[in-house]
Amino acid sequence: MELSKTFEPKAAEERWYQQWIELGYFTADPAKPGEAFSIVIPPPNVTGQLHLGHALNVTLQDVIVRTRRMQGRNTLWVPGTDHAGIATQNVVEREIAKEGLNRHQLGRTAFEQRVWKWREAYGGRILHQLRMLGASCDWSREHFTLDPDLSRAVNEVFVRLHRDGLIYRDRQLINWCPRCETALSDLEVEHRDTDGHLYYIKYPLVDGSGAITVATTRPETMLGDTAVAVSPDDVRYRAMVGKRVRLPLIGREIEVIADAAVDSQFGTGAVKITPAHDFNDFVMGRRHGLAEISVMDTRGRMNAEAGPYQGLSIKEAREAVVNDLKAQGLLEKIEPHRHAVGACSRCDTTVEPLLSFQWFVKIAPLAEKAIAAVRDGRTRFHPKFWENTYFGWLENVHDWCISRQLWWGHRIPAWRCSRCEHFTVAAEPPSRCEKCEGTDLIQEEDVLDTWFSSALWPFSTLGWPNDTADLKRYYPTSLLITGFDIIFFWVARMMMMGLYCLDDVPFRDVYITPLVRDQHGKKMTKSRGNVVDPLVIMEDYGTDAVRFTLAQLAVQGRDLILADDRLAASKAFANKIWNAARFVMMNLKDAPQPIPSVKAERLGLAERWILDRLNHAVKGVTEAIDAYQFNVAALAIYQFIWHEFCDWYIELSKEPLKAGGESQAAARYVLVRCFDQLLRLLHPFMPFISEEIWQTIRPYIDERNLPAHVAIAKFPQADADLLSNEERVAMDHCIAATEAINSLRSLLGFHPGQQSTVFVRPLSSGGAGGDGSSGGMSTDNFAAELAAWKPYAMTRTKAESLEILANGAQRPAGMVTTVLEWAEISVKAAEGFDFEKARNALRKKLAEISAHHEQHLRRLSNPDFQAKAADEMKLQIEQRAEELGGQRKLLEAQLQLLGGAG
RNA sequence: GGGCGGUUAGCUCAGCGGUAGAGCAUCGGCCUUACAAGCCGAGGGUCGCAGGUUCGAAACCUGCACCGCCCACCA
């Protein structure tokens, strides 16, 4: 088989993905054997378009999933999408706004139909994009959070929580978005420091004995004040506590109360209390039994309670109130003041605290279990420091407001009785009120926070509340891979719900992905216009290259900066692999059949060495993946493929391949063996190119029951060591020697075609200085030693240098080094060779080596080191010192030959 | 106000107790028939600052500085 000159990513991507799907490779079967490995995708919003966060997330999941599948695990990856209540509703509302409509004009049913239509048109888009990335999800198990079975799970959980007293309905102060006209949870409010003002307002005492001045950032809410509070320790106001003040503009009499929550240092030390419009005030108000007067409506306009200000917007009301106070001489002063203002995370509108009836989840009992599960290691975070974030939130979290005044979502399974106002909570529509037997029941209009259904995702998608085979086999899931930004929204809530509903954690491990930034390290945001579209870079560099780059940059605990040069490097890597494949195929073309394996003892040193390095790579990759160190795994593959297999083994194989006979057969076998294995190793990272190449090499692989695709081939496992320590050292020396030769050749300006002479001295030949000790070598000694050395051509190729090793040092367990012959130097000198430059370079290197060498010797002679260091460490240092001594001596010799000794 | 990350070569980042590394960029030499998206070399770092622990610290501890992020009801 032939490979085309270059790799065409696009064609390969489509071809292989389609085949994998058709053959059902990604479809899980709980009845099949194998330890389960399961993972649920963080369901992207149906409104979503693929962005780099998804690309990273999905790539890492796919790396793990493909690896586990190839390792023979019973693997399930559940895909799907989230209905994303408020986000999707906003998108469709914007769309109908273009037609001059709003949702109220359309009505609930028609609006919902519009959203469903929208989802039919665009809901598949993001999933299609995940397929393009190569995601090996089980598409037969695709779910949508509003699917009937998932909705059933939602109702079931709601009913159970309600039965257990963990869901309640109450009139509370909640966050309200006046534009979306819905309640929000604490998490959906983004606090931003904003420049505002602190207004000092005088409240006259009813008894005429003066006034008390309060400081506020929101003068318009004074219309709803029901008290003024001071600190009980504040001597300035002690006499006023219990007195009454007249609320300006409105005229209501309110009391001055004492409460420890008041900070006497802030403002005037007296604070107006508006229970219906401030969270602190609300708590204090309930403590003191104060009236809760709401002065705003749900659209952020002043209501009847605001008296003359009714109908004004908040901003207008503020201006009017301030002007009126000023006119009445009750405004003492205005100071600039910076403070946090909450904004709706969806539409950025300033959020108002609003008093209303809402449904809440009582968090404390659920949070307690969720905390314990991580504390005792049933679920582990990677990197671990995210556990602190998780704990910090759960330990302080308030009850969760789950009702939303939206239309797109799971309608709350509660029915209000028109007779007694009681809500009957049930999974199915009840026929009569559970309290008064009334039959006129109307379902609650509100829907649930979109995160309520997301919280059930790990088990609702597996069939819960039914006791399905999937649920038994795949719950708890093995791993969750997601971003830090939804640890609170999603991870913590899944933990709580999983533990509540199934009494077990929803996942064993949580891997928190880094944030993807642009090449300047900036966060990608629409407003900055620096958002990189993954589809575009996949087009430019190939999906494999994008995946590999993301994996390579996915370091635990640090943001990820995606730069073009990295992508280019990965593309070059793909090209390198492609060309290596072409080389291999070129040398196999007359053998379109399995190449029989060759026993290790019949393989040459180079062959055993590369198989040994393969082992090493397999170990490295496997361990790194197990530890979720994707960058380490990617680097290990890269190193092996490029710098060991391509740089060395392919070069070393050229001679035997040319030679024919047994050595050729051995080389062919090893080429195929290595390539097969490295493609399997690579497959989770670069699924398309690995499949493309593997298909051409497949006919040559000698393995029983070889599968049709690498996607389901057995993942490599490390074999027993193939090399003795001695041989490993010998190969290291071969490489070091060749590098030394190249370095010297380069230094002297040899062209690749030019021959030169090298001397190789096996360590066993002994001679002066052969013990590796330090110290200079005299010219006499050196000449004597030189006589014992064998001259060889200073090679052009790596293959030749291996030959040097084989011939020059029969037992290659010796130090090999190079020295130039005088004659060659003379030739170069005649051509204008710069001796001084060469000598300086050698001197510099010599100084470095000498310094290191002496450092080691000092360490070895240090009594403390001798007393305290472990034997293994001592041995290591001794060996290193010996090597350094040798290198040092050789550099001295080389320098001497160049006339720079002494 | 709490908490969490980061600070290593020009750039982007690994390393986290025993000679400071990679990719890209730079410089020099090569079209050596798998690959010029390549090959062979070279230069470049007091590992943010200050103390401490250790025979030995980029790594461990304690402060500090700067950058970034998260949480928080000071009106």
Side-chain angles (χ1 to χ4, degrees), chain A residues 3 5-6 186 191 198 214-218 221 229 261-263 265-268 270-274 278-284 337 339-340 342 353 383 385-386 388-389 392-393 396 484-485 487-488 515 517 519 521 523 552-553 555 557-566 568-587 629 631-632 635 638-639 643 646-647 650-651 654 739 741-747 749-753 796-798 841 848-849 851-853 855-856 858-859 862-869 873 876-877 880-881 883-884:
Chain A
L3 284 172
K5 184 98 178 155
T6 54
D186 294 348
H191 295 275
L198 200 54
V214 299
T216 180
T217 54
R218 302 206 50 195
T221 65
V262 178
D263 176 4
Q265 302 301 309
F266 188 89
T268 61
V271 59
K272 65 191 226 24
I273 302 301
T274 325
D278 183 279
F279 288 99
N280 288 320
D281 295 2
F282 179 75
V283 173
M284 201 187 288
H337 183 66
H339 63 126
F385 63 74
W386 287 113
N388 293 329
T389 306
W393 186 72
N396 297 300
F484 66 88
D485 51 335
I487 289 178
F488 306 148
L515 183 72
R517 295 171 176 276
Q519 54 220 77
K523 203 167 162 177
Q552 201 185 16
L553 294 174
V555 176
R558 192 166 172 150
D559 292 346
L560 179 164
I561 293 184
L562 190 69
D564 288 344
D565 59 3
R566 285 299 191 131
S570 296
K571 190 180 177 186
F573 181 46
N575 179 63
K576 187 74 180 178
I577 298 165
W578 186 256
N579 280 294
R582 290 180 61 220
F583 174 84
V584 172
M585 295 315 295
M586 234 173 63
N587 284 286
Q629 294 182 311
N631 60 318
V632 174
L635 190 68
Y638 182 92
Q639 275 294 328
H643 295 304
C646 291
D647 281 359
I650 283 187
E651 295 305 325
K654 284 177 179 172
E739 281 169 356
I741 292 168
N742 285 334
S743 176
L744 210 51
R745 283 181 59 98
S746 189
L747 187 67
F750 278 80
H751 287 210
R796 281 178 50 200
T797 65
K798 286 172 176 172
E848 278 173 18
I849 297 275
H852 289 155
H853 185 213
Q855 191 186 337
H856 276 75
R858 240 180 289 129
R859 202 170 275 175
N862 183 325
D864 285 327
F865 175 77
Q866 285 297 339
K868 289 178 189 169
M873 182 51 59
Q876 201 179 317
I877 300 276
R880 190 63 201 142
E883 278 176 47
L884 286 167

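In what follows, chains carry the letters A, B, and so on, assigned in the order in which the sequence lines appear, proteins first and then strands, with residues in each chain numbered from 1.
- One atom, CG of A:D564, and another, P of B:C11, lie 17 Å apart when rounded to the nearest Å.
- The base-pairing partner of B:C24, taking Watson-Crick or G-U wobble contacts with both distances under 3.5 Å, is B:G10.
- The nucleotide B:G43 finds no pairing partner, because no Watson-Crick or G-U wobble arrangement with both distances shorter than 3.5 Å includes it.
- Using a 4.0 Å heavy-atom distance criterion, A:F488 is classed as a sugar-phosphate-only contact.
- Between the P atom of B:G23 and the CG atom of A:N631 lies a distance of 15 Å, rounded to the nearest Å.
- Taking every side-chain heavy atom of A:N575 into account, B:C35 is the closest of B:C35, B:A20, B:A72.
- The nucleotide whose nearest atom lies closest to any side-chain atom of A:T216 is, among B:A34, B:A75, B:G56, B:A75.
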Using a cut-off of under 3.5 Å, enumerate the N/O to N/O pairs linking the protein to nucleotides 42-44 of chain B.
from  : atom 1 : to     : atom 2 : distance (Å)
B:G44 : OP1    : A:K844 : NZ     : 3.3
B:G44 : OP2    : A:K844 : NZ     : 3.4

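- Contacts of A:D186 classified as side chain to side chain contact (heavy atoms under 4.5 Å, CB included), with partners at least two apart in sequence or in another chain: A:N175, A:H398.
- Residue A:Q639 contributes atom CD, which lies 20 Å from atom P of B:C13 at whole-angstrom precision.
- Counting only heavy atoms from C-beta on, A:H852 has its side chain closest to B:A20 among B:C4, B:A75, B:A20.
- With both pairing distances under 3.5 Å, B:C64 is matched to B:G48 as a Watson-Crick or G-U wobble pair.
- Each of A:Q629 and A:R218 was matched to the nucleotide of RNA chain B holding its nearest heavy atom; the match closer to the 5' end belongs to A:Q629.
- Counting non-hydrogen atoms under 4.0 angstrom, A:V555 reaches the backbone sugars and phosphates but no base.
- Between A:R582 and A:D864, the residue anchored nearer the 5' end of RNA chain B, judged by the nucleotide with its closest heavy atom, is A:R582.
- When side chains are defined from C-beta on, A:T221 counts as touching A:K272, because their heavy atoms get closer than 4.5 Å.
- Nucleic acid contact class of A:T217 (heavy atoms, under 4.0 Å, all strands): sugar-phosphate only.
- The side chain of A:L635 has B:A22 as its nearest neighbour among B:C4, B:A22, B:G56.
- Remark: P of B:C74 and CZ of A:F282 are 18 Å apart, rounded to the nearest angstrom.
- Atom-to-atom, CD1 of A:I877 to C1' of B:G56 comes out at 9 Å; the value is rounded to the nearest Å.
- Ring-plane geometry between A:W393 and A:F488 is classed as parallel, the angle between the planes falling under 30 degrees on a 0 to 90 degree scale with a further cut at 60.
- Annotation: side chain to side chain contact (heavy atoms under 4.5 Å, CB included) contacts of A:A270 (sequence neighbours excluded): A:I212, A:V214, A:V228, A:V230, A:Y237, A:T268.
- Distance check, rounded to the nearest 0.5 Å: CD of A:Q629 to CG of A:L635 gives 11.5 Å.
- A donor-acceptor pair under 3.5 Å is absent between the side-chain atoms of A:N575 and the main chain of A:K571, judged by distance alone.
- Side-chain proximity of A:H191 to the nucleotides B:A34, B:C73, B:G23 is greatest for B:C73.
- Pair check for B:U33 finds none; no Watson-Crick or G-U wobble contact set falls under 3.5 Å.
- Residue-level contact check: A:D263 touches the bases, meaning some heavy atom is under 4.0 Å from a base atom.
- Residue A:A569 is classed as a sugar-phosphate contact, given heavy-atom separations below 4.0 Å to backbone atoms only.
- Within the 4.5 Å cutoff, the side chain of A:W386 has heavy atoms near those of the A:I487 side chain.
- Look at the P atom in both B:U26 and B:A65: the space between them is 40 Å, to the nearest Å.
- Side-chain contact between A:K576 and A:Y638: absent, with no pair of heavy atoms (C-beta onward) separated by less than 4.5 Å.
- In this structure B:A58 sits in no base pair that meets the Watson-Crick or G-U test at under 3.5 Å.
- Comparing B:C39, B:A37, B:C24 against the side chain of A:D565 picks out B:C24 as the nearest.
- Atom P of nucleotide B:G1 and atom CG of A:N280 are separated by 19 Å, given to the nearest angstrom.
- Note: CZ (A:F385) to P (B:C71) measures 15 Å, nearest angstrom.
- Of the candidate nucleotides B:G38, B:C39, B:A34, B:A34 has the atom nearest to the side chain of A:K654.
- Looking at A:R859 and A:N862, their side chains never bring a donor and an acceptor atom within 3.5 Å of each other.
- The CZ-C1' distance, from A:R566 to B:A25, rounds to 13 Å in whole Å.
- Here B:C69 sits opposite B:G3 as a Watson-Crick or G-U wobble pair (both hydrogen-bonding atom distances under 3.5 Å).
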